[in-house]
2 protein chains.
Amino acid sequence: MTPRRTPQLDAVYDVVRAADDHPTADTVYARVRRVMPTVSLGTIYRNLQKLAAARCVRVLHVGDRITRYDAVVVEHDHFCCERCGAVHDVEAPRTRTRRRPAHVHAGYAVRTQVVTFYGLCPHCAGVVPRVAAGAAR
Amino acid sequence: MTPRRTPQLDAVYDVVRAADDHPTADTVYARVRRVMPTVSLGTIYRNLQKLAAARCVRVLHVGDRITRYDAVVVEHDHFCCERCGAVHDVEAPRTRTRRRPAHVHAGYAVRTQVVTFYGLCPHCAGVVPRVAAGAAR
DNA sequence: CTTTCTGCAAACTCTTTGCACTCGT
DNA sequence: ACGAGTGCAAAGAGTTTGCAGAAAG
C-alpha cells in the first residue's frame, strides 16, 4: 500500500499547479493529454483523488455540481461568475479571527470553511473597456 | 409560457418547506411519494427547478456533488458534517456590512455569497453521549 | 381548446471501478 | 518479483429530456 510516484501523477500535479483557472477533471485530462497522449481519464481521476487525499490539491464545489481542483491549498475564497462560469481567487485580507465562526453553536468542531461569492466578473459586468475585453484571462 | 400550478408542484414545495434537513431531490421524491405515490422523479426535478428559478427555494451544493434544496431563502450559512453528511443551518449574527466583500477586487458585481463550514457536528464530535450514537441518520 | 405539465423511460454527464497488463521500487 | 498504478471499457449515481397522454387556465 506504499504510494508510488508515476509520470502520470507528476503530470497531473504539474497541470493543476500550472493552472490558475480551477480546472475540472476533464480540463486536467485535456491538458495532461497534450504532453502524455495515452493517459486515460480514469487515471486522471485516480491521481486527482490521491493528490486531494495528500492535501496537495484542494477540491472545490463551486456553483454547479462538477468538481474543480485548486493547487492553492491555503485557505482563501472564490468568486464564481454566474454568466461565464469562471472561478477566480479572491483576496481574503480578513483576519482568521474575524472569520472564525464564533457564532457556530457550541459542540461543532469546525475544520475548515469555504466562502464563495456569486455574481458577475469584471469582464461580464462590462466594467472592462471594450479594448481590453477578451484579454481577461 | 404561463407557469401553471399543479398538485405536484404544491406537493414538492410543501415537502421542501416542511423539511429542515436540506433534502436532496431523491429525498424530496421519497417524501412526495408518501402523499402522491404516482409522482415521477422527473417531475420532482422539474418542479424543484421551477421553484429555484422563482427563488422559492435555494439550491445548495455543499461538500459533495449532489444538489440539496433549502426553503429558507434568506442569506444564511451552513455547516456540513464530514462524517455523517448532515447539513445544518448556522446562525449568522455577523452584520451584512461586516460580511460584505469589500476586499473583492473592483469590478466584481457580487450578487450573493455562500459560507459553508466543514467539520464534525456535535453528534459526531462525540459531544452526544454514546447511548445516542448510531442514531445519526 | 390551447398549452403546460405529467409519467415513463431512455439518454446524458460526471465519476468510479473491475480487469489484465505495466512498471516503480 | 511484488504489488501499486495504468488504460480501457463498462458500470454507477445523479440529473435531464423526448414523447404521448392528462389536465390547468
Side-chain angles (χ1 to χ4, degrees), chain A residues 1-16 19 21-54 56-70 80 85 87, chain B residues 1-16 19 21-54 56-70 80 85-87 137:
Chain A
M1 219 223 149
T2 311
R4 211 165 267 189
R5 181 173 192 171
T6 64
Q8 289 88 344
L9 177 60
D10 282 347
V12 168
Y13 192 27
D14 286 347
V15 162
V16 177
D21 59 347
H22 310 83
T24 64
D26 224 65
T27 304
V28 174
Y29 177 44
R31 291 180 191 170
V32 171
R33 254 204 307 196
R34 292 212 278 258
V35 72
M36 188 181 281
T38 62
V39 78
S40 77
L41 186 54
T43 295
I44 300 294
Y45 275 105
R46 277 181 290 228
N47 282 322
L48 284 171
Q49 278 176 186
K50 198 172 302 186
L51 291 167
C56 294
V57 305
R58 204 175 133 183
V59 177
L60 260 52
H61 293 98
V62 165
D64 44 27
R65 112 196 95 83
I66 92 167
T67 307
R68 289 167 171 273
Y69 299 88
D70 188 345
C80 177
V87 177
Chain B
M1 218 221 149
T2 311
R4 213 165 265 189
R5 181 173 192 172
T6 64
Q8 288 89 343
L9 177 61
D10 282 348
V12 168
Y13 193 26
D14 286 348
V15 162
V16 178
D21 58 348
H22 311 82
T24 64
D26 224 65
T27 304
V28 174
Y29 177 44
R31 291 178 192 170
V32 170
R33 253 204 309 196
R34 292 213 278 258
V35 73
M36 188 182 280
T38 62
V39 79
S40 78
L41 186 54
T43 295
I44 300 294
Y45 275 105
R46 278 182 289 229
N47 282 322
L48 284 172
Q49 278 177 186
K50 199 172 301 186
L51 290 167
C56 293
V57 305
R58 207 175 131 182
V59 177
L60 261 52
H61 293 97
V62 165
D64 43 25
R65 112 195 95 85
I66 93 167
T67 308
R68 290 169 170 271
Y69 299 88
D70 188 345
C80 177
V87 177
R137 222 238 302 242

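Every chain is numbered from 1, with letters handed out A, B, ... down the list of sequences.
- Considering all non-hydrogen atoms of both residues, B:V87 and B:H22 come closest at O-ND1, 3.0 Å.
- Remark: A:Q8 is in phosphate contact with D:dG7, judged by side-chain N or O atoms under 4.0 Å from OP1 or OP2.
- Among A:V62, A:L60, A:V57, A:V16, the one residue that satisfies the side chain to side chain contact (heavy atoms under 4.5 Å, CB included) test with A:D70 is A:L60.
- One atom, CZ of B:R46, and another, P of D:dT17, lie 10 Å apart when rounded to the nearest Å.
- In this entry the distance linking CG of B:L48 with P of C:dT6 reads 11 Å, nearest Å.
- Between B:T67 and D:dT15, a side-chain N or O to OP1/OP2 separation shorter than 4.0 Å is present.
- One interatomic measurement links the two molecules: CD of B:Q49 to C1' of D:dT17, which rounds to 10 Å at whole-angstrom precision.
- Between the base of D:dG7 and the side chain of A:R33 there is no donor-acceptor pair shorter than 3.5 Å.
- Phosphate contact (OP1/OP2 of D:dA4, side-chain N/O of A:K50, threshold under 4.0 Å): absent.
- The two atoms that bring B:A25 and B:I44 nearest to each other are O-CG2, 3.8 Å, heavy atoms only.
- The residue B:N47 sits close only to the backbone: its heavy atoms come under 4.0 Å of sugar-phosphate atoms, none of a base.
- When all heavy atoms of B:S40 and B:Y29 are compared, the closest pair comes out as C-CE1, 3.8 Å.
- In terms of position on DNA chain D, the residue among B:L41 and A:M36 whose nearest nucleotide sits closer to the 5' end is A:M36.
- In this structure, the CD1 atom of A:I44 is 20 Å from the P atom of C:dT13, given to the nearest Å.
- Residues A:T67 and A:H61 come closest through the heavy atom pair OG1-NE2, 3.4 Å.
- Side-chain contact between A:L48 and A:V59 is absent, with no heavy-atom pair separated by less than 4.5 Å.
- What separates CG of A:L9 from C1' of C:dT22 is a distance of 16 Å, to the nearest Å.
- An OP1 or OP2 oxygen of C:dT16 is reached within less than 4.0 angstrom by no side-chain nitrogen or oxygen of A:Y45.
- In this model, no side-chain donor or acceptor of B:R65 finds a partner on the base of D:dG12 within 3.5 Å.
- Taking both residues in full, the closest heavy atoms of B:D21 and B:R68 are given as O-NH1, 3.4 Å, listed atom of the first, atom of the second, then distance.
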All N/O pairs under 3.5 Å across the protein-nucleotides 21-25 of chain D interface:
{"unit_1": "D:dA24", "atom_1": "O3'", "unit_2": "B:R5", "atom_2": "O", "d": "3.4"}
{"unit_1": "D:dA24", "atom_1": "N3", "unit_2": "B:R4", "atom_2": "NH1", "d": "2.9"}
{"unit_1": "D:dG25", "atom_1": "OP1", "unit_2": "B:R5", "atom_2": "N", "d": "3.3"}

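- Within the 4.0 angstrom heavy-atom criterion, only backbone atoms of the sugar-phosphate kind lie near B:T38; the bases stay farther away.
- The nearest whole Å value for the distance from the OH atom in B:Y29 to the P atom in D:dT16 is 16 Å.
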